[in-house]
Colleague: 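Okay, handing you the structure first.
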Amino acid sequence: MERGREAHWQSAWAQAGLARAEADPSKEKFFAIVAYPGSSGFLHVGHLRGFAYADILHRFHRMNGRAVFFPTGTHLTGLPAVTFSQKVKLRDPATVRQLEDHGVPESEWHDLEDPERAGRFLGRSYLEVFRAFGLLIDERAYITTMDEDYRSFIRWQFHRLDRAGALVQAPHFASVCPVCGPVSVDPSETDLSQGGGAEWIVYHTVPFRLDDGRFLLAATLRPETLFGATNVWVAPHATLSTWHHGTHRFLVSPEGGRRLLEQLGGHLGAEVPFEELRSTSVTVPITERKIPILTSPLVSPSIGTGVVMSVPAHAPADWVALQELPEHDLNRIPPVESVIRTDEATLTASERELLAGAGVPAERAARASGASRLADTDALDRATERLYRLELIRGRMMPGILGGISVAEARAKVGERLEAEGTAPQVREFSEPVVCRNGHTVVIERVPDQWFLRYGDPVWKEKDRTLVGRLVVRPEEYRRELPAIFEWLSDRPCTRRGRWLGTPFPKDESWVIEPIADSTFYPAYYPIRGFVASGEVPLSALTDAFFDHAILGEGSGEPSLAHATQQAVRQQFLYWYPLDLNIAGKEHKRVHFPVFVATHALLLPAALQPRGLFLHGWVTNQGGAKISKKEVASKGGSVPPLREAFRRWGPDALRLFYSASATPSQDVEWDPALLDATSERIEDLTRLARTALSEGGGGPPELERWLESRTHELLSRIVEAFGECRMRDVAEAVYAEFPLAIRRYLLRGGQPGESLVRVAETWVATMSPVTPHLAEELLDGRLPTLVAASPFPNAASFPYSAAALAAEEVVDRIEEDLRNVLKPAHAKGAAPDEAILFVAAPWKHTVEGWIREGARPEGGGPNLRDLLERSKLHPELAAYRGEMAKYIARVSASIRSEPKGSSERTDDLAILTAAQGYLTRRFRFRSISVVREEEGKPFDPLARRDRARPGRPAFYLFGGVLGPPASAARPTDPLAGTKPSTPES
RNA sequence: GCCGGGGUGGCCGAGUGGCCAAAGGCGGCAGACUCAAGAUCUGCUCUCGCAGGAGUUCCCAGGUUCAAAUCCUGGCCCCGGCACCA
């Protein structure tokens, strides 16, 4: 298709008003959304997959006579737009290149330095992309989350949540930049310049008591190993801070002290040089053992509390540190003994390898990993990780300790016991340094008065469960997982402090509602938005009373607004709600979907609950990773920006690519070569469709019947697949199997004509949901309306004939059999070019029917004797009784593994006679004759004719160099250079 | 660790007990058409096979069954999630 034609059809759809959702009580409705995109930058090819699915479904339902509503919006809440505007301000090179790629004139850049304006600008750019992609979105309902009306809606929503008791305040830990405020630590590094991959590590602490009542507070991931503690480590030349918490005094490194202060409060007191403690010892909690304090370079004061519990039997680093210890220190520590055992028999090969040799486990693991000095940090880390993991999974405590329970249990038990004493708080830390955009180190801080949504509330959860049980969820794997996701769903912080975009939290405007929390219920606002956009409902009327009435049917509505208007709003809402389908990428599995479902479950009555969720995979780069913005660049980048993708392949190729290259649940790998292939495929189909739509004499009636039956079959399958959102199956049927059927028709000698044209028009119409531009282009001028506005083809308008399908299968089957025999023959240089086909005698039909009746699914065929007995009741079969036994024996063995399917009785003689010309041409034979098995005296030296079965004729091949057949002179290689014989009709 | 999903031919990817040696696409090879190229069409693309067949395959090892890619047991490996991320 000429590239410009897409724009032509898009404006034709716009002119016909196809995208405009019109409530029509005489029609069923279909209302689906795609989770609206955030505003972190320009869209790329990865973003369009969900939109493609949504549009395909909306188009399908529109063609089926439903009123459809496909709205969208832009999510401006949070930091993404802030960050984007910041990058514009700083003229970040990658961002500048994007602006240039998208043709944004430099004069407008200044405007984009404002976060809200930048976000709105990005939202508008998304709409342009959607139009160019051929989406039929009703833009009258377009929202951004910073629009005044949307914020009124959100305020109302939070009032309702509050009234339902869903909001609570509680202490919370959060990542915070001490200078810039709260930040989100995630791989997209929106807020960060470093450390997006950081995880939270939660350390247990172990308080080692000094004689004067102070505690040396060690941090550890494995509190259960305290039974094997031989000493405590601090860094050489360390100075320790005193952290006062409650009535207790703890000695920790200065950094550790600050961390505890941030997370747990208290205050910091005197600094203590380690020298003061050098010769003292401490008491291990629980065991009450006395152990020394020693120094080692293995300790980093900045990690944890800067104090380390040494367990040389189970921590490779401790073991190695011990080897480097001066004699006089070594003498102070108690003997090293294992406190955890692992059962040799349960180990895998690689685990056994880790624990090979003699010594305590840490010693073995260090040896196996090649770590002998503290300087071997990589090897030590490896040894540590493997041993920790192994002992956690397989380990049990030694029999004398805690009764030999498993390590996992022991860890929980020891942790609990320590905490119960009030002297062993947990301390959190990032797994790697995290640095904010402005270069400050991000820390974890306690927020005492964080607002939460109580998703964990048991009463609420019960409502979730009920709804989840009723939801239609695709794909199936996700449906299975969903109940578990709701079990895990727990209270979520729903507000933030800082310079985020968003709606101020109604109960306390010093907070801003957090991005996930303000996008849980918004589909309910879409049906109303049109009234606001048109001015029918002024902003001032968007009060709680208004929404109570419009969405919940409660109260009498907003007094300042005409009753009739409010009735209309309410009707509109009730027409479109419930939402039929919420479509989103798999990243929303645990983010958006659960809270979307939960909020609906809480706020709406059963009849208005959402009906379906649809989760799709990503578009990934060639490594299988989700596409990131960095990869998108017109030059050199592996993923082109959308404008260029549309220019190169056209929107239809992209849409087909998204639907056809993987099941919706799977990721599709972005591969330009595949896009090239897809767009070529569209060209192929175009040619085929044009041929099929041309004038001509038609084909033999039996062939047309077959084509129509195939069309019937395919249409049923397509409609069914649409209904279950199996878009890949749709694409396969429409873009692979349908053309295959048409090619077969042409190959079999069918000509374009009335029948083929009707089929081809139908076929092209089925393309309209997935490749709408192509469909319009091909049927341009042939339909009274646009294809997108015409009814979806109906299988019932094509007669279905099982006999016609069965007949074609007979031809297909004989082709396959002939090919099978010809292949080895040709390999040997033989080239038969004449064939006699023997059609099975009528009695075989009868007998084969009996065999099928008698075949038992659990195996074993019918009894030979019974069948022969039965045949005695049929005098007309008497003559064949001899052959019959042989035939039954041969056939009943193989019949079990044949399809039980169509027992359609075929008139093989008529079918093959009709296909004679085709077969002759196809195999470039000189002649093919079809005879009844029992008739005449055809040439059959190999006695093949006995093999004939109903639907599967026997044959004898001869000619070429194969044999000395009836006629003598013929070219030795009839395949070479021979023109196909002209088909007789 | 816990929860979930997986491992299929050169590649992508269908396929949940029987025409499955396994759809479809991509790639490759060959042929037809053509002065030629391209496009298009046709065939082939695990091994063997002068008669429609046989052998060995769907991560590995066992098992159930007349029959296993599909069910069961054990193992190995991979991916995702478990956070103030839309």
Side-chain angles (χ1 to χ4, degrees), chain A residues 35-40 74-75 77-80 145 172-176 182-188 190-191 196 199-200 348-350 389 392-393 408 447 450 477-478 480-481 484-485 487-488 492-496 514-519 584-592 624 660-663 665-669 671 673-674 677-678 680-681 683-684 687-688 728-729 731-732 735-737 740 743 746-747 813-814 816-830 832 857-860 894 896-901 922 942 944 947 952 954-957 962 975 980:
Chain A
Y36 49 27
S39 47
S40 56
T74 307
H75 194 227
T77 315
L79 268 192
T145 55
H172 184 58
F173 291 95
S175 33
V176 171
V183 291
S184 100
V185 176
D186 71 88
S188 70
T190 314
D191 296 358
E199 293 183 27
W200 285 23
T348 66
S350 63
R389 195 180 149 81
L392 177 65
I393 306 169
V447 181
Q450 173 70 52
E477 304 91 284
Y478 176 42
R480 277 197 291 273
E481 207 180 340
I485 292 176
E487 292 317 307
W488 290 326
R492 269 191 87 108
C494 62
T495 59
R496 289 170 153 177
E514 171 279 333
I516 298 172
D518 82 344
S519 52
K586 63 183 184 185
E587 69 279 20
H588 284 308
K589 202 190 275 196
R590 279 149 212 284
V591 183
H592 168 63
S661 21
T663 339
S665 64
Q666 220 101 27
D667 293 344
V668 294
E669 209 168 90
D671 179 359
L674 217 55
T678 306
E680 271 171 41
R681 198 162 147 206
E683 294 304 315
D684 289 357
R687 272 185 293 273
L688 180 67
R728 188 180 200 275
D729 294 338
E732 191 180 319
Y735 298 90
E737 299 200 44
L740 224 54
R743 288 211 165 98
L746 294 170
L747 191 67
R813 181 74 219 217
I814 188 72
E816 192 188 323
D817 284 347
L818 287 171
R819 218 174 275 134
N820 244 330
V821 174
L822 286 168
K823 208 165 69 171
H826 285 165
K828 270 217 70 168
E858 71 280 5
S894 55
R896 197 171 47 209
S897 61
E898 287 172 11
K900 356 186 187 281
R922 185 135 189 89
L942 293 177
R944 311 289 316 162
R947 297 182 61 101
R952 208 170 166 187
F955 53 84
Y956 175 65
L957 296 179
L962 233 208
L975 273 186

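What you see is a predicted model; the values in this text were computed from it and never measured. Order of the sequence lines fixes the chain letters, A, B, ..., with proteins taken first and strands second; residue numbering starts at 1 for each chain.
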Colleague: Considering only the C1' atoms, how many Å lie between B/rC71 and B/rA23, rounded to the nearest integer?
Modeller: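 One C1' to the other, the span is 23 Å.
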Colleague: Report the residue (A/L818 or A/L688) whose heavy-atom-nearest nucleotide on RNA chain B is the more 5′ of the two.
Modeller: A/L688
Colleague: When you get a sec, tell me which of B/rC84, B/rC26, B/rA51 is the closest nucleotide to the side chain of A/A174?
Modeller: B/rC84
Colleague: Test of understanding: with side-chain contact (heavy atoms from CB on, under 4.5 Å), list the residues that count as partners of A/S175, not counting sequence neighbours.
Modeller: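 A/S175: side-chain contact (heavy atoms from CB on, under 4.5 Å) contacts with A/V183, A/V185, A/F430, A/V442.
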Colleague: Take atom CZ of A/R681 and atom P of B/rG27, then tell me their distance rounded to the nearest Å.
Modeller: 11 Å
Colleague: If you look at every heavy atom in A/P515 and A/T77, which pair is closest and at what distance?
Modeller: CA-CG2, 3.7 Å
Colleague: Quantified in whole Å, what is the P atom distance between nucleotide B/rC58 and nucleotide B/rA21?
Modeller: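 Comparing P positions in B/rC58 and B/rA21 gives a spacing of 13 Å.
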Colleague: Between the base of B/rG13 and the side chain of A/R728, is there a donor and acceptor pair under 3.5 angstrom?
Modeller: no
Colleague: Rounding to the closest angstrom, what is the interatomic distance between B/rC35 and B/rC29 at atom C1'?
Modeller: 25 Å
Colleague: Roughly how many Å apart are B/rU57 and B/rG43, using the P atom of each and rounding to a whole number?
Modeller: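 Roughly 30 Å separates the two P atoms.
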Colleague: Mind checking who B/rG62 pairs with, Watson-Crick or G-U wobble, both distances under 3.5 Å?
Modeller: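 Pair assignment: B/rG62 / B/rC72.
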Colleague: In whole Å, what separates the P atom of B/rA69 from that of B/rG75?
Modeller: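 My reading of the P atoms in B/rA69 and B/rG75 gives 23 Å.
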Colleague: Paired with B/rG1: which nucleotide, if any, by Watson-Crick or G-U wobble criteria at under 3.5 Å for both distances?
Modeller: B/rC82
Colleague: Who are the side-chain hydrogen bond (donor to acceptor under 3.5 Å, both in side chains) partners of A/R819, not counting sequence neighbours?
Modeller: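 A/R819: side-chain hydrogen bond (donor to acceptor under 3.5 Å, both in side chains) contacts with A/E815.
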Colleague: Locate the shortest heavy-atom distance separating A/Y36 from A/D518; write the atom from each residue and the value.
Modeller: OH-O, 3.6 Å
Colleague: Which value, in whole Å, describes the distance between the P atoms of nucleotides B/rC44 and B/rA22?
Modeller: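 Straight-line distance between the two P atoms is 12 Å.
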Colleague: Base, sugar-phosphate or nothing for A/Y735? Non-hydrogen atoms, less than 4.0 Å.
Modeller: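 Since no nucleic acid heavy atom lies under 4.0 Å of A/Y735, the category is nothing.
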Colleague: With sugar-phosphate meaning primed atoms plus P, OP1 and OP2, does A/Y956 contact a base, only sugar-phosphate, or nothing at under 4.0 Å between heavy atoms?
Modeller: base
Colleague: Could you work out which one of B/rG52, B/rA51, B/rC26 sits closest to the side chain of A/A954?
Modeller: B/rG52
Colleague: Would you compute the distance between atom CG of A/L79 and atom CZ of A/R496 and round it to the nearest 0.5 angstrom?
Modeller: 6.0 Å
Colleague: Could you give the CG-to-P distance, from A/N820 to B/rA21, as a whole number of Å?
Modeller: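 Rounding to the nearest Å, CG of A/N820 and P of B/rA21 are 12 Å apart.
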Colleague: What is the minimum heavy-atom distance between A/Y478 and A/I485, and which atoms define it?
Modeller: CE1-CD1, 3.8 Å
Colleague: Which one, B/rA23, B/rA51, B/rC84, comes nearest to the side chain of A/E732?
Modeller: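 Nearest to the side chain of A/E732 among the choices is B/rA23.
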Colleague: Does any N or O in the side chain of A/T495 come within less than 3.5 Å of the main-chain N or O of A/E514, such that one atom is a donor and the other an acceptor?
Modeller: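 No: the side chain of A/T495 does not pair with the backbone of A/E514.
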Colleague: Rounded to the nearest Å, what distance is computed from the CZ atom of residue A/R944 to the P atom of nucleotide B/rC50?
Modeller: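 After rounding, the gap between these two atoms is 15 Å.
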Colleague: In whole Å, what is the span from the CD1 atom of A/I485 to the P atom of B/rG4?
Modeller: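 Answer to the nearest Å: 11 Å.
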Colleague: Check whether any side-chain N or O of A/R687 sits under 4.0 Å from OP1 or OP2 of B/rU40, and answer yes or no.
Modeller: yes
Colleague: Give the rounded distance in Å between these two atoms: CZ of A/R496 and P of B/rA83.
Modeller: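 From A/R496 CZ to B/rA83 P: 16 Å.
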Colleague: Under 4.0 angstrom, heavy atoms only, what part of the nucleic acid is A/H75 near: base, sugar-phosphate, or nothing?
Modeller: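 Sugar-phosphate contact only.
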Colleague: If pairing requires Watson-Crick or G-U wobble contacts with both distances under 3.5 Å, which nucleotide is the partner of B/rU57?
Modeller: none
Colleague: Select base, sugar-phosphate, or nothing to describe what A/A660 touches, counting heavy atoms under 4.0 Å on all strands.
Modeller: nothing
Colleague: Hey, is the side chain of A/D817 pairing donor to acceptor with the base of B/rG52 inside 3.5 Å?
Modeller: yes
Colleague: Determine whether a donor-acceptor pair (N or O, by modelled atom type, separation under 3.5 Å) exists between the side chain of A/Q450 and the backbone of A/R492.
Modeller: no
Colleague: Could you measure the distance from the CG atom of A/L688 to the CZ atom of A/R681? Nearest 0.5 Å is fine.
Modeller: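 Output value for this atom pair is 12.5 Å.
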Colleague: Taking atom P of B/rC41 as reference, at what distance in whole Å does atom CG of A/L740 sit?
Modeller: 11 Å
Colleague: Could you tell me how far B/rC33 sits from B/rG24 if I compare only their P atoms? Round to whole Å.
Modeller: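 Nearest-Å result for B/rG24 against B/rC33 at atom P: 27 Å.
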Colleague: With rounding to the closest Å, how many angstrom separate the P atoms on B/rC46 and B/rG10?
Modeller: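 About 9 Å, rounded to a whole number of Å.
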Colleague: Within the pair A/R819 and B/rG53, is there a side-chain N or O less than 4.0 Å away from OP1 or OP2?
Modeller: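 Negative; the distance criterion is not met.
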Colleague: Starting the side chain at C-beta, find the nucleotide from B/rU42, B/rA51, B/rC84 nearest to A/R743.
Modeller: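 From the listed options, B/rU42 comes nearest.
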Colleague: Using atom names, set out every protein N or O paired with an N or O of nucleotides 79-82 of chain B below 3.5 Å, distance rounded to 0.1 Å.
Modeller:
{"from": "B/rG81", "atom 1": "O2'", "to": "A/R590", "atom 2": "NE", "distance (Å)": "2.6"}
{"from": "B/rG81", "atom 1": "O2'", "to": "A/R590", "atom 2": "NH1", "distance (Å)": "3.3"}

Colleague: Heavy atoms only, 4.0 Å cut-off, all strands: where does A/D729 land among base, sugar-phosphate and nothing?
Modeller: nothing
Colleague: Could you check which nucleotide pairs with B/rG31 in any of the strands shown, counting Watson-Crick or G-U wobble with both distances under 3.5 Å?
Modeller: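 Paired with B/rC41.
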Colleague: Please determine if a side-chain N or O atom of A/R922 lies less than 4.0 Å away from the OP1 or OP2 oxygen of B/rG43.
Modeller: yes
Colleague: Report which part of the nucleic acid A/L747 touches: base, sugar-phosphate, or nothing (heavy-atom distance under 4.0 Å, all strands).
Modeller: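 The residue A/L747 makes sugar-phosphate contact but no base contact.
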Colleague: How many Å lie between CD on A/E737 and P on B/rG24, as a whole number?
Modeller: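 Taking CD of A/E737 and P of B/rG24, I get 8 Å after rounding.
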Colleague: Please report the shortest heavy-atom distance between A/A660 and A/R728, naming the atom on each side.
Modeller: O-NE, 3.4 Å
Colleague: Once you round it to whole Å, what is the distance between C1' of B/rA51 and CZ of A/R813?
Modeller: 14 Å
